[in-house]
J.: 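What follows is a single structure, and I will ask about it in a moment.
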There are 2 protein chains.
Amino acid sequence: MAKAVIRDVAEAAGVSTATVSRTLSHPEVVSEKTRRKVMEAAKRLNFQTSRSAMALKQGRSYRIALLINQQLTSWFNASVLMGLNSVLQPAGYDITVYQDIDDAESRRDFFETMPVRGNTDAVIVASFDVERGQIEQLRQNGIPLVGINVPRTEGFDASISIDDVAGMHMAATYLINTGHRRLVYVCSTTIPSMTCSTDLREQGFIRACRENEGSHDLQWQVIHVPRNTEVTNEALSSLLALDEFPDAICCQADMFAVPLLYRLARYGHVAPRDFSMVGFDDGTYAEVMQLTTVRQHPETMGVVAANKVLALINGDHLDHPHETAPIQLMLRGSDSPR
Amino acid sequence: MAKAVIRDVAEAAGVSTATVSRTLSHPEVVSEKTRRKVMEAAKRLNFQTSRSAMALKQGRSYRIALLINQQLTSWFNASVLMGLNSVLQPAGYDITVYQDIDDAESRRDFFETMPVRGNTDAVIVASFDVERGQIEQLRQNGIPLVGINVPRTEGFDASISIDDVAGMHMAATYLINTGHRRLVYVCSTTIPSMTCSTDLREQGFIRACRENEGSHDLQWQVIHVPRNTEVTNEALSSLLALDEFPDAICCQADMFAVPLLYRLARYGHVAPRDFSMVGFDDGTYAEVMQLTTVRQHPETMGVVAANKVLALINGDHLDHPHETAPIQLMLRGSDSPR
DNA sequence: TTGAAAGCGCTACCAG
DNA sequence: CTGGTAGCGCTTTCAA
């Protein structure tokens, strides 16, 4: 039984190919009787419409580009992709992943050699910023641009993002309110030409500290761990080299918090006994490591973004193109009041 | 500047569309002069050939299906996808991910309603087994089937897998040889109708123990943690309920080992002081948690599999269709001789 | 409610 | 080495 095409179904059902096509995509406009005949024949022949033919005819590509910085294997990126896939794939779209767009150059590369001309129905950007000129290129092609956790919504047709600043502000304020007075924030160095949403979290931490240093005898500092190094080791040594060990550590991401929790214990700094630890993400292992952290849900953001994409491709109007996704502080076992 | 099509380029370059097409796909058969003209025009107009048209014409789809059990966010699956993507995407292929194929039913679902007829040029299966009849379906359509860490190579056109049994056998033997006498293996329960490559690891552990129980006074047991439960908690309580705490714990995957290492320490069982811990995978956090583990490299397997897929689609003959990927025991800080 | 037919953009065959 | 052209499988007017 070779691959059945629409004509095979038409012949088997004794109708025209036009009717078969209609039955499959607009079943309500064909008669009950015809519909049954066609459906039966299609099922019997195991017919699947060819996406390529459909795409060509409709002037679409049924492909969507996803731009991520860093690796696909990171918790955030994999979660986003999973969410996107769960709605886009059933809708007939494939996702083309462009990863490691983590400097201005590779980003420019993408937008220049862009397979977008005729090969992408929408572009989704996760977690980083895009330049104005690059947005224009898409605009001219009429291709929707949707952001997930983008630092600025300007230029995007739609977006769904958490408030990174507010999230870390909440975490730091919580620590201060529960009696912590020596706070350290651990994060990676930023890339100048590339604003990434996670970089914003530092502002939240700093703001919370500034707001409280009047009323309390607060000490705080930020430790920047260079990228592309053995980050845990770097953070660990910086922390252990401090004159006085902090009573609270805020991490830019669980990725820092999880190993530090374990490694610091080896050096006698046990959380929550000796200090409190708060992460950000609520990613893999956060729960089983009993890490108090700020939860975001990238998979859901992927789902939301995918639906926006579908609507935009469809030409629908979005009442609220830009949404803020909820975050919450998950109180677990890595902190305790001082 | 609207989307340029091949005719635009042809006109701009003063040649026929046939020549443009040839220049782009078989540059060696057109004259130097023509080639330059065409290339220049294509670049100037920012021309990108339409994958859909190309696919339709060539009777391909330029899409490849990836079947995974569980979630896309698991370390193994995300790594495989990353590897596949790194070669398939530049080759013009999109990857359609079908996840959660984790029981016989969803697998049957896939193979029946398969978008494969005309919409997939190859099927890649990661980590689980496929039934004979389902393989036949693909065979009839002439669609290559490639496996990554599949329990049996039978029926697959090509595969790249590690030897799970040998890997865990190596880990257990290592522990026995370094003086451990009370071994526990922690793994999740198997799904009857669904042989998964990681399930094979148990055999390696058991075999190693059996081989050595004559010469040593060995105690060993296997703890099966039910799926879909809070696995760390289950494993933890089982371990702590043991009459005598083991001097070595082998985990089916780092996913078990990483949190257990941390949680057990909270109960006074500190590795490597009180017991040795060995994992499997060398996934996220293994290194920073100083976990001794069996390393596999799914990303590389993805790359290898992708190249096999490309060759098979191309009709090339594979000298060694089935390959075994290397594994190695990474000695780190979670174990010590007894 | 259905059918005939044009044509999406490209490739590859065949002529020249 | 280059051009003309058929046709991949489908959708969608337009007519009936």
Side-chain angles (χ1 to χ4, degrees), chain A residues 2-39 41-42 45-63 92 115-121 141 314, chain B residues 2-39 41-42 45-63 92 115-121 141-142 314-315:
Chain A
K3 191 176 59 180
V5 298
I6 203 169
R7 204 185 308 110
D8 302 327
V9 179
E11 282 168 12
V15 296
S16 71
T17 60
T19 300
V20 173
S21 176
R22 250 179 255 129
T23 308
L24 265 23
S25 39
H26 311 287
E28 68 281 2
V29 304
V30 300
S31 77
E32 171 74 37
K33 212 182 71 190
T34 310
R35 196 189 322 159
R36 259 209 301 273
K37 271 192 312 189
V38 172
M39 291 300 201
L45 297 178
N46 216 320
F47 173 74
Q48 294 283 135
T49 76
S50 153
R51 266 181 209 311
S52 302
M54 193 171 143
L56 183 57
K57 180 62 195 172
Q58 302 188 143
R60 293 185 184 182
S61 67
Y62 286 98
R63 292 167 206 262
V116 154
R117 307 200 157 245
N119 286 314
T120 302
D121 297 339
N141 287 286
N314 210 25
Chain B
K3 191 176 60 181
V5 297
I6 204 170
R7 203 184 308 110
D8 301 328
V9 180
E11 283 168 13
V15 296
S16 71
T17 60
T19 299
V20 174
S21 176
R22 256 182 313 237
T23 308
L24 265 22
S25 37
H26 311 286
E28 68 282 2
V29 304
V30 299
S31 76
E32 171 73 36
K33 213 180 71 189
T34 309
R35 196 189 321 160
R36 259 209 301 273
K37 270 192 311 188
V38 173
M39 291 299 202
L45 297 178
N46 215 321
F47 173 75
Q48 294 282 135
T49 77
S50 153
R51 263 179 212 313
S52 301
M54 191 172 146
L56 184 58
K57 179 63 195 173
Q58 304 188 348
R60 294 185 184 182
S61 67
Y62 286 99
R63 292 167 207 260
V116 155
R117 306 198 158 246
N119 287 313
T120 302
D121 298 339
N141 287 287
N314 211 23

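Predicted model, so just to flag it, every value in this text is computed and none were measured. Below, chain A is the first sequence line, B the second, and so on; all start at residue 1.
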J.: Using the 3.5 Å cut-off, write out each protein N or O paired with an N or O of nucleotides 14-16 of chain C and the distance between them.
T.:
none

J.: With sequence neighbours excluded, what pairs up with B:Glu32 under the salt bridge (charged side-chain N to carboxylate O under 4.0 Å, His left out) test?
T.: B:Arg36

J.: I'd like to check A:Asn46 versus A:Lys3 (side-chain heavy atoms, cut-off strictly below 4.5 Å). Are they in contact?
T.: no

J.: Can you find a heavy atom in the side chain of A:Ser21 that is under 4.5 Å from one in the side chain of A:Ile6?
T.: yes

J.: Quick one: A:Arg7 CZ to C:dA4 P, roughly how many Å, whole number?
T.: 13 Å

J.: Heavy atoms within less than 4.0 Å of DNA chain C: which residues of residues 24-37 of chain B have one? Give them sorted by number.
T.: B:His26

J.: Would you check if the side chain of B:Thr34 reaches a backbone N or O of B:Val30 as a donor-acceptor pair within less than 3.5 Å?
T.: no

J.: Whole Å only: how far is the NZ atom of B:Lys57 from the P atom of C:dG7?
T.: 18 Å

J.: Taking the side chain as C-beta and beyond, is there a heavy-atom pair between B:Arg35 and B:Lys33 under 4.5 Å?
T.: no

J.: Taking only residues two or more places apart in sequence or in another chain, which ones pass side-chain hydrogen bond (donor to acceptor under 3.5 Å, both in side chains) with A:Thr19?
T.: A:Ser16

J.: Once rounded to the nearest 0.5 Å, what's the spacing between atom CZ of A:Arg51 and atom CG of B:Leu56?
T.: 14.0 Å

J.: Side-chain contact, heavy-atom cut-off 4.5 Å: B:Phe47 with B:Asp8?
T.: no

J.: Tell me every residue that passes side-chain hydrogen bond (donor to acceptor under 3.5 Å, both in side chains) with B:Arg60, counting only those two or more places apart in sequence or in another chain.
T.: B:Tyr93

J.: Using chain B heavy atoms and a threshold of under 4.0 Å, write down where along DNA chain D the contacts begin and end, 5' to 3'.
T.: D:dC1 to D:dG9

J.: Mapping A:Thr19 and B:Thr19 to their closest nucleotides on DNA chain D, which lands nearer the 5' end?
T.: B:Thr19

J.: In Å, rounded to the nearest 0.5 Å, how long is the span from CG of B:Asn119 to CD of A:Gln48?
T.: 6.5 Å

J.: Would you indicate what A:Val15 reaches in the nucleic acid, counting non-hydrogen atoms under 4.0 angstrom: base, sugar-phosphate, or nothing?
T.: sugar-phosphate

J.: Find the distance A:Glu11:CD to C:dG3:P and express it as a whole number of Å.
T.: 13 Å

J.: Please state whether the phosphate of C:dT11, meaning OP1 or OP2, lies under 4.0 angstrom from any side-chain nitrogen or oxygen of B:Ser21.
T.: yes

J.: Are B:Val15 and B:Val20 packed together at the side-chain level, in the sense that at least one heavy-atom pair is separated by less than 4.5 angstrom?
T.: yes

J.: Taking CZ from B:Phe47 and C1' from C:dG9, how many angstroms apart are they, rounded to a whole number?
T.: 8 Å

J.: Mind calculating the distance between CG (B:Leu56) and P (C:dT11) to the nearest angstrom?
T.: 11 Å

